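For clarity, every value in this text was computed on a predicted model and none was experimentally measured. Every chain is numbered from 1, with letters handed out A, B, ... down the list of sequences.
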Number of protein chains: 2
Amino acid sequence: MSPIDNTTKTATSQPLLDHFNKLIPLNQSERELVNAKFHPHLFLKKQFALQHGDVCQYFDFIVRGCLRLYKVDEKGVYHILQFATENHWISDLSSFHKRTKSGFDIDALEDTVVLRITYHDLIDLYVKAPKFDRIFRVLLENHFMQQQDRIGQLFSSTAEERYQSFLETYPHLLNRLSQVQIAAYLGVTPEFLSRIRGRIAKNDSR
Amino acid sequence: MSPIDNTTKTATSQPLLDHFNKLIPLNQSERELVNAKFHPHLFLKKQFALQHGDVCQYFDFIVRGCLRLYKVDEKGVYHILQFATENHWISDLSSFHKRTKSGFDIDALEDTVVLRITYHDLIDLYVKAPKFDRIFRVLLENHFMQQQDRIGQLFSSTAEERYQSFLETYPHLLNRLSQVQIAAYLGVTPEFLSRIRGRIAKNDSR
DNA sequence: CTACACCCATGACCTGGTTTAAGAAAGAGC
DNA sequence: GCTCTTTCTTAAACCAGGTCATGGGTGTAG
């Protein structure tokens with residue numbers, strides 16, 4: 001049972017309603033559908049939202065906190081594909097849409113409150129309000145573009161360039177994440193990230 | 001003017017109609033919409049379907065031939081994100097959907113026939129037949145998953161592992177592409193790919 | 001105050017992949 | 001048939017980044 005009761009529920013959905021309104025304004029019945037279909041859920045730090053091998057059942061919108069989507073390879077190395085903070089979405093979309101076992105994990109880097117919708121409720125939402133078909137197409141497009149940029153970066157940039165671009169794109173995350181997490185996102189070892197930072201600090205100081 | 005005249009047009013659309021039917025069966029009026037909205041186009045080898053700096057105007061379905069989607073980095077190195085052959089789709093979806101300048105190029109590795117739809121015709125198609133909203137969401141999902149797999153690979157596999165997995169996933173492409181193209185897809189130099197092949201041949205022979 | 005855990009930095013050495021260069025092989029144009 | 005361009009291979013020097021080991025800093029629980 002979620003630790004957040006029904007009286008606070010409408011208040012909790014507000015950030016999500018705002019988020020949708022920014023994309024395409026919703027009418028009253030659509031807002032009610034959102035309230036009915038999305039349920040708040042709290043994750044304590046280190047709790048899993050998805051474990052590999054399971055089918056991803058939820059599409060989560062972050063109200064407060066931070067989750068990460070990552071893969072653990074055969075050698076036990078962590079590779080973070082995505083951080084999600086306030087007003088962003090997270091899910092293994094492949095597993096979620098195809099109803100197949102996920103190869104990824106999602107867990108909480110901080111205590112985090114999400115609004116989540118199940119696969120079947122989302123389908124139902126599409127049927128009852130086709131506007132959401134379009135809204136979620138746009139969300140999918142945004143995720144797609146983000147991924148495309150990352151592939152471009154992984155191909156053609158050095159770790160230092162990727163770190164610089166991380167600093168520009170997510171300045172608010174720098175002090176919120178440990179360097180272990182950032183390194184796993186950049187695709188390097190923490191040791192090497194440390195050296196990069198040393199190099200940059202030296203160049204900046206003179 | 002496309003070198004393919006109207007009498008052959010219905011015949012040309014057949015592979016696309018088959019493709020849609022496999023996802024979700026179409027009715028007569030939807031088939032007619034497909035015929036009206038998608039136009040055949042021929043690319044000779046080396047011709048561009050998209051040049052970086054332009055907004056991507058088309059979503060292309062390959063009837064025959066092979067296109068590649070790639071990026072040229074600051075040092076002039078080619079990075080191929082996607083090959084598209086018969087019955088597959090290609091486009092810079094970011095540029096296409098957001099109407100922003102593309103950072104990618106698409107060109108023909110062989111003489112290629114595509115069926116293409118413009119952005120505005122696709123929007124019109126969504127309005128006239130919402131079934132396509134769903135069909136293209138599925139297509140987007142498939143592309144998304146493919147990208148996700150590639151990110152996973154770029155992160156955690158060596159070039160040799162990536163080559164082996166390329167062989168398994170696209171065995172039909174091996175003899176159709178030069179090693180320069182395959183290397184640009186794997187993200188290594190042709191020289192190093194050659195070494196990988198040498199190594200594998202040696203191991204296989206004993 | 002101490003002990004333990006975790007995070008970050010640094011250095012010595014190792015490896016996967018690049019660079020450069022050179023030559024062999026195979027088409028494609030004439 | 002020959003030349004020209006492109007494709008593939010091989011090898012040596014080099015570099016980005018990984019591995020392993022060490023030590024210091026900073027909580028935080030007892």
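Which of dT10(C), dA21(C), dG18(D) sits closest to the side chain of V188(A) comes down to dG18(D). Checking dC8(D), dC8(C), dG16(C) against every side-chain atom of F192(B), the shortest atom distance belongs to dG16(C). With dG17(D), dT18(C), dC8(D) as the candidates, the nucleotide lying closest to the side chain of T158(A) is dG17(D). The V180(B) side chain lies nearest to dC8(D) when the options are dC8(D), dT19(D), dA21(C). Here dG17(C) is the nucleotide among dT10(C), dT10(D), dG17(C) with the atom lying nearest to any side-chain atom of A159(B).
The environment of NE2 in H19(A) is crowded: more than 12 heavy-atom neighbours from other residues, nucleotides or ligands sit within 6.0 Å.
Geometrically, R99(A) engages Y119(A) in a cation-pi contact, judged by NZ or CZ lying under 6.0 Å from the ring centre and within 45° of the ring axis.
Base engagement by S194(B) is indicated by at least one non-hydrogen atom pair under 4.0 Å involving a base atom. If you check every strand for non-hydrogen atoms under 4.0 Å, R195(B) touches a base.
A straight line from CD1 of I200(A) to P of dA9(C) spans 11 Å, rounded to a whole angstrom. Distance L177(A) CG to dC7(C) P: 12 Å, rounded to the nearest Å. Between the CZ atom of R197(B) and the P atom of dA11(D) there is a distance of 16 Å, rounded to whole Å. Here the P atom of nucleotide dA12(C) and the CD atom of E191(A) are 16 Å apart, to the nearest Å. Taking atom NE2 of H79(A) as the reference point, atom C1' of dG18(D) lies 13 Å away to the nearest angstrom.
Centroid-to-centroid, the aromatic rings of Y70(B) and Y185(B) stay 6.0 Å apart or farther.
Contact check for Q57(B) versus T118(B): no side-chain heavy atoms found under the 4.5 Å cut-off. Looking only at side-chain heavy atoms (C-beta outward), K71(A) and S156(B) come within less than 4.5 Å of each other. Side-chain atoms of V114(A) and F61(A), non-hydrogen and from C-beta on, never get closer than 4.5 Å to each other. L186(A) is listed as a side-chain neighbour of F166(A), based on a closest heavy-atom distance under 4.5 Å.
A perpendicular orientation is assigned to the rings of F59(A) and H97(A), their planes being inclined by more than 60° (bins at 30° and 60°).
Ranked by how close their nearest DNA chain D nucleotide is to the 5' end, P190(B) and T189(A) are led by P190(B).
How far CG of D60(A) is from CG of L69(A): 11.5 Å, rounded to the nearest 0.5 Å.
Rotation axes derived from the C1' atoms of the five outermost pairs at either end of the helix from dC1(C)-dG30(D) to dC30(C)-dG1(D) lie 40° apart, to the nearest 10°.
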Using a 4.0 Å heavy-atom cut-off, write out nucleotides 24-30 of chain C from 5' to 3' as B (base contacted by protein), S (sugar-phosphate only) or - (no contact).
-------

